[in-house]
Amino acid sequence: MAVAPPKPRDLPLNALRAFEAAARLGSFVAAAQELGVTPGAVTAHVKALEKALGADLFERSPRGVKLTRLGERVSPAFTSAFDALADASRVLQAEAAPRQVHIATLPSLAQLWLSPRLPALRAAAPEISISITAMEEPPNLKRAPYDLCLFYGEEAGGWLTRDVIFPVCAPALAARLEGVDSLAGVPCLQDASWADDWTLWASAHAPHVPLRAGPVFSLYALALEEAINGAGVLIGHEALVARQLAAGTLVAPFAGRVTLRRGLRLWSARRPAPRSPAARVRDWLLSSL
């Protein structure tokens, strides 16, 4: 009678994924953020993998983690493998739902730039379903299931438009301002994500003015709404305040502007196939500028 030998147990996929992310990013915390789990979960997965292997993959110290020689040798192969798995998953999702387009973008861009364009985009392509995920940092498109990314970036070239900043406020407040010196007497509203906005603009156009710090908002859209309500002056980003300036709910009380070394970028992990839903959405957004 034939005897079936015991099959060697496969290494757990989640543990391998945790090891690869931690090895690539150089941090258990960063790996946890990318994988959407806790740092403790990454630590547990890696420890379980090391126990199953009978060998260490990381050296631990109070300053963080560092790959062992074994970890350094094997991590590139796992990165290539998980890249290929993610790519195959995107192809599968695209084939299974060919009319869906997923966009990752900043919360401010989602609310103030993309959202106003969606009705016209839906009218132009009613058969395409568009999903938007707002996040503070661009995702790793080699791993994340997004078709398009829309963020401000400093990479040279490929910008939809440069990021130009300048003060904006409600018309009634603007009527009381007499030159940039007047900024010393009004609240300067701030967005937490762009905490250096006022410094960048003032260093170029009002270096002698002692600015009066105003409320800080975690969302740029909230700060913008408060500027419309007359609560103070806010640094406007041209792409985000264009509609309010055109409608007259906001005005630019001073002429000085600063063009930053970054711009609005729209990109994808791989070039969308011609006439695919992602390519059509991309091309429509480009034409809407």
Side-chain angles (χ1 to χ4, degrees), residues 2-98 100-107 131-151 153 155 265-273 276-278:
V3 177
K7 179 184 176 183
R9 181 174 297 180
D10 291 334
L11 295 174
L13 184 60
N14 284 340
L16 293 173
R17 191 185 297 275
F19 159 68
E20 186 280 329
R24 172 169 43 84
L25 299 172
S27 164
F28 284 12
V29 173
Q33 291 174 339
E34 180 177 280
L35 298 175
V37 298
T38 65
V42 172
T43 299
H45 279 312
V46 172
K47 283 184 177 180
L49 181 58
E50 291 175 324
K51 182 177 180 180
L53 293 169
D56 289 339
L57 296 168
F58 290 94
E59 297 175 1
R60 280 83 167 172
S61 75
R63 292 177 294 180
V65 295
K66 178 183 177 182
L67 285 168
T68 62
R69 290 185 178 180
L70 172 61
E72 288 179 346
R73 288 199 302 271
V74 302
S75 62
F78 281 102
T79 294
S80 297
F82 279 110
D83 282 349
L85 179 60
D87 195 43
S89 297
R90 282 193 299 271
V91 172
L92 177 61
Q93 289 174 320
E95 293 292 334
Q100 293 185 7
V101 175
H102 299 264
I103 303 174
T105 187
L106 279 174
S131 298
I132 298 173
T133 299
M135 56 184 66
E136 293 294 342
E137 297 291 338
N140 178 0
L141 286 185
K142 288 185 177 180
R143 303 303 170 85
Y146 300 107
D147 300 295
L148 298 171
C149 268
L150 181 68
F151 286 84
E155 295 85 348
R265 297 183 64 238
L266 180 66
W267 75 94
S268 55
R270 59 166 61 186
R271 188 173 182 83
S276 67

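- With rounding to the nearest 0.5 Å, the separation of CZ in Phe28 from OG1 in Thr38 is 12.0 Å.
- One N or O on the side chain of Thr68 and one on the backbone of Asp56 form a donor-acceptor pair closer than 3.5 Å.
- Here Met135 contributes atom CE and Leu106 contributes atom CG; the two are 10.0 Å apart, rounded to the nearest 0.5 Å.
- In the displayed structure, Arg271 atom CZ is contacted under 6.0 Å by at most 12 heavy atoms of other residues, nucleotides or ligands.
- In terms of heavy-atom proximity, Ala23 sits nearest to Phe58 at N-CZ, 3.8 Å.
- The two residues Val101 and Ala278 have their closest heavy-atom pair at CG2-N, 3.7 Å.
- For the pair Glu50 (side chain) and Leu57 (backbone), a donor-acceptor distance under 3.5 Å is present.
- Rounding to the nearest 0.5 Å places OH of Tyr146 at 11.0 Å from OG1 of Thr105.
- When all heavy atoms of Leu35 and Ala18 are compared, the closest pair comes out as CD1-CA, 3.9 Å.
- The distance from the CG atom of Leu13 to the CG atom of Leu49 is 11.0 Å, given to the nearest 0.5 Å.
- Sequence neighbours left out, the pairs with a member in residues 18-45 that pass salt bridge (charged side-chain N to carboxylate O under 4.0 Å, His left out) are Glu20-Arg24, Glu20-Arg143, Arg24-Glu34.
- At a threshold of 4.5 Å between non-hydrogen side-chain atoms, the residues Phe151 and Pro139 count as touching.
- Taken from CG in Leu150 to OG in Ser268, the straight-line distance is 12.5 Å, to the nearest 0.5 Å.
- Minimum heavy-atom separation, Ala52 to Leu11: CB-CD2, 4.1 Å.
- Of all non-hydrogen atoms in Gly26 and Val65, the two that sit nearest each other are O-CG2, 4.1 Å.
- Residues Asn14 and Pro12 form no side-chain contact, since every pair of their non-hydrogen atoms from C-beta on lies 4.5 Å or further apart.
- Looking at every heavy atom in both residues, Pro107 comes nearest to Ala134 through CA-CB, 3.8 Å.
- Here Asp147 contributes atom CG and Leu141 contributes atom CG; the two are 9.5 Å apart, rounded to the nearest 0.5 Å.
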